[in-house]
Structures are given as C-alpha cells and as structure tokens.
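Let me begin by presenting the structure, written as structure tokens, before commenting on it.
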Amino acid sequence: MIRDITLGQYYPVDSVLHRMDPRTKLFGTMVFIISLFLADHIAAYGVATAFLVLAIKMSRVPFKFMVRGLKAVLFILLISVSFNLFLTDGQVLIRLGFLRITREGLRMSCFMGLRLIYLVIGSSIMTLTTTPNQLTDGMEKSLGFLKAVKVPVHEISMMMSIALRFIPILVEETDKIMKAQMARGADFESGNLIQKAKSMVPLLVPLFISAFRRATDLAMAMEARCYRGGEGRTKMKPLRYNRRDYGAYIFYGAYLAAIAGIRLLV
Amino acid sequence: MSIKAENLTYIYGAGTALEQYALKNVSFEIPDGQFVGLIGHTGSGKSTLIQHLNGLIKPAGGTIYYDGTDIYSEGYNLRELRSKVGLVFQYPEHQLFEVDVFSDVCYGPKNLGLNNEEVKERAREALRQVGLKEKYWEQSPFELSGGQKRRVAIAGVLAMNPKVLILDEPTAGLDPKGRDEILEEIRELHRKRGMSIILVSHSMEDMARYADRLMVMNHGEKVFDGTPREVFKHYRELESIGLAAPQVTYIVHELREQGVLLDDGITTVEEAREAILKLLGL
C-alpha cells in the first residue's frame, strides 16, 4: 500500500538513460513537460507518446514501476478529469440529469488525463534512472548561473537531494510505525473522516519525531565533516557531457520543434 | 492455546527485480507457557516471522493457526488476535506518541473498547509489572531514558493482557544492568502470568539463561529447533551461519578435548561452575 510511491526511488539497472548526464535528463524532462502543455492536438499527443515510449524502452525499468507512481495522484487525476468532463461549455453530447457532457469537455478531459499521466510517468523515469546525488549535481550545475543574482543554488539543491533521499526512509518508517500501532489494536481503515484523522495521531507523532531526530543527526554528521555550503567545494566526479548527451539535445530540439509545429500549423 | 505455523513462506518485493525469499516453509508449534528464543543473523527472517504471528503481514504460502483456527481465514478477527498475541517492536520510538506515559499505555486497552476505569486499571497494572516507578507516569515518554522507554513500550502491549508476548530484541542498545532488569521482568511475566514468550535476541548467553526452547533461523529457514542444550551442541554449524554459542560452551568443549569429563550440554556459567566444582569434589 504505502510502499507504492515510486517518486524518488532509484531503480538500479544499467541502461543508456542511467548512464546519461543528469543535466541532459533534467532538461529532457523539462522539455517533455513543456511539450505536454503545448500539445492540444491528437497528433501532438502521438509524438509525445512516441517520445515517452522511447524513453521507457531505453530506461530498461519495468513499466509497472512507473505506473505505481500513478496511484498516488489517482485522486487528483479523477477530480481534474471529471471537472473538465462536466463543466466545459460547448456542443452537448449526453445529458445525465443536471450533468452534461460536451464534445469540448470530452476532448479537454481526455487531454487533461493524458497530460497528468504523462507528467507523472515522465518524471518517474527521471527519478528511476537517476540517483538523488546525480540529480542534485545536475540541478546545481545547470542552475549555477542563478548564483550571480544571489540565489543559494547549492543550498537549495542540497535540501532537495536530502528530501528525495529521505522519502523511501520515511515510507519504510511509516510502515513500521503503522505495524507497531496495529499491534496495539490501532485501526487505520474504518470509521468516518474525523475518526480516521484522529487515528492518524499515533502514526504522525512518532513519524515527526523520528524525522526531526534524523534531521538533527544528519546535520551533526555533516558538520562533523566540515560541511559549510558550496563555497570552494570540489567534486570527485565532475559532470561532463558525452557524445550521447549532445545527441539527446539534438533529439530534444527536433521533438520540441515537431510539437510546436503541430500547434502552429494544425 | 497454542500458535502453530505451517509451511510459512514470505517473499519480499514479489514481482520485482529484487524478489527475495524472507521465509521458506517454516513450520513449528508453540504450546502454552513456553519461553522460546528466536535467534538468527540480521536478515535471516526473524522479524518477518514474528510479524506473521499476529497477522500483521500475510504470507505468500502456508498459514498460522491460533488455538486451532486459521488466522488468515475469511472474517477472522485480527484485532482480537493482536490483543492476545502482543508484539513489542524493537524501537519504542515507533509506538510512543502520547503526552504522558500513562495515557500512552492506555492506548492499547482503549482500542479494545474497554471502559475508562478498566483501561486505567490495566495501565496501572502493566506499568507496575514492568517496574516503572510512579514518578515517571506523568512524564512525557520522550523524556525517558532508553531503558525506561522500552519498559513503557512493553507495558503498552502488556496492558492489552496478551496470552503470548513477542519481543523483538528488547535489550538492543541497553547497558548491561538495564538489559538484565528487563529480561528478569520478562521472566517474571512468564512465571507469574504463565504467558508464552517469544524473545528475539542476539545474545546467546541470554538465550541459554532464559529460554526453554531455541529456534534458529538462517536465510528464511528454520535450521535448529530444540532446547538450548541441544542447539548449542551444534556450535560449529551455528558459527558457519554467523552465530555462536555462549562463551562458556567453548570453554567446556576445550576442557573436554583436554580430557576433563564435563557434560557437553553446559550452556550457562552457573552450570559450568557446578559441574567443575563437582568434578573437583568440592
């Protein structure tokens, strides 16, 4: 149940995507997300699907791992799809009491659903093929120019990577705490909303406490190793672009051009 | 009143690349009132095994019978089972959440649907049984020392009046005095209330001293099952799976090799002392 959240969980296999520079993957994910918001035609979604399928194949991560992340957003997905389905004006197709489904609504909700699903799968591919450490490195390097305007890029990326790193740990911890409280007769499933919220207290208090404890321990361990931010910090493995990364960038360009072309021309 | 496991099998990460057997065809029966020690290397499946005993996880194969009833059968009341088979996890931090010790211990009995007076009575009784002084009862559980926290955690489960008490390494991280005290209290519970105890531990000395029966796990399989005397005779096999016998067993075996006529089933220092004194005719 709770272990199903895949975001931030690295899947260790060796593939082209795994070996790719994290910056390339970050940029690719960004391009993909932008393209999803540009797409408003079936053909554009076809191109996006092809891009996604290619990425999935290249990652060599089992597809069901990416789908698992969808469960977490299922609720949002349902809400946005049904809102679009029932609340868009236009040519009425079906009338169900006070609800009506329009042609435009159907189109919008399909696109919205696809868009969300692709968003989650696309970003899952990145996190499944990139370790949190690589991800931070990539982010820090590609956003380095913001340092000029006094944005603490290093600190932000460090925080991000710590947050990502802690997701699986906290998930596991939640599982343990749930079990410990269930052993004392806790019931997390039945009851109305208020009872359910109340039954969360025995779960959340130990979880928060352990998160704070881990945070202070980590801070201590970092200080013990003289961590003082990014200033003057060198890297053992500095990021370097390869041939395949340049190839990927050319591919991104072509992909984005195709999506933009469809939007402008069709 | 017995717990019986039949061909219990559990697989971690089923259907993924990281699939792994945590338990393989484990069977045993624990009659009422037995003190069972469960030992095994880290990752040998001990923790997975005990989580089956109160139905927290579902096996991939095999089943558990409590009092002759299959606990995984349709409509079986698992919450009631959990009040009879109490499980105390290794880290008290995973269960303490209330503002003070007393209300934390009340959580279990309250979940059983008892009335307020009964809940309080149970909590008082449980706290006394684990030997926690009354001056701590109004304190926040987070201000206590490691040993005291453990006591509160054990009391939290005891307050549900279980017939079987399972403890996952209740002495990990405690100083020698604290651990002796906790183990003595567990022994008291075993003797006075006739509870069955299943104790997971890494200390062979403790096992030799307290357990009536030892079960040894390795790679998800039960490899030995018997009295500590019997099990520790296999000290070489135990070593090959990353465990050991109590230190005194080694001394006894060395002495036997030198020709001293000692019983090879000696597992505690006291036994060894008696036997040696007897040999010397003192």
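Every value quoted in this text rests on a predicted model; they were computed, and no experiment measured them. Chain identifiers are assigned alphabetically (A, B, ...) following the order of the sequence lines, protein sequences preceding nucleic acid strands; residue numbering begins at 1 within each chain.
Neither the backbone nor the side chain of B:E98 comes within less than 4.5 Å of any heavy atom of chain A. Within the 4.5 angstrom heavy-atom criterion, only side-chain atoms of B:I57, from C-beta onward, approach chain A.
B:Y72 OH: more than 12 foreign heavy atoms inside a 6.0 Å radius. Within a 6.0 Å sphere centred on NZ of A:K235, other residues, nucleotides and ligands contribute more than 12 heavy atoms. Shown here is A:M58, whose CE atom has more than 12 heavy atoms of other residues, nucleotides or ligands within 6.0 Å. When the shell of 6.0 Å around OH of B:Y91 is examined, it contains 12 or fewer heavy atoms from other residues, nucleotides or ligands. The number of heavy-atom neighbours closer than 6.0 Å to CD1 of A:I194, taken from other residues, nucleotides and ligands shown, is 12 or below. Counting heavy atoms of neighbouring residues, nucleotides and ligands inside a 6.0 Å radius, atom NE2 of B:H219 does not exceed 12 of them. Atom CD1 of A:I79 is surrounded by more than 12 heavy atoms from other residues, nucleotides or ligands within 6.0 Å.
Once rounded to the nearest 0.5 Å, the distance linking CZ of B:F89 with NZ of A:K176 reads 9.5 Å. For the atom pair CD1 of A:I209 and NE2 of B:H94, the computed distance is 11.5 Å after rounding to the nearest 0.5 Å.
Under 4.0 Å is where a charged nitrogen must lie from a carboxylate oxygen, and between B:D104 and A:R184 at least one such pair does.
Taking every heavy atom of both residues into account, B:Y107 and A:A186 meet most closely at OH-CB, 3.0 Å. Taking both residues in full, the closest heavy atoms of A:M182 and B:L56 are given as CB-CD2, 3.7 Å, listed atom of the first, atom of the second, then distance. Closest heavy-atom contact between A:V205 and B:F142: CG1-CZ, 4.1 Å.
Per-residue heavy-atom pair counts under 4.5 Å with chain A were compared for B:V157, B:L96, B:L87, and the maximum is reached by B:L96. Ranked by non-hydrogen atom pairs under 4.5 Å with chain A, the options B:M160, B:Q95, B:R82 are led by B:Q95. Contact count against chain B (heavy-atom pairs under 4.5 Å) is highest for A:P202 among A:P202, A:P206, A:A183.
Without hydrogens or angle criteria, B:R79 side chain to A:G185 main chain gives a donor-acceptor distance under 3.5 Å.
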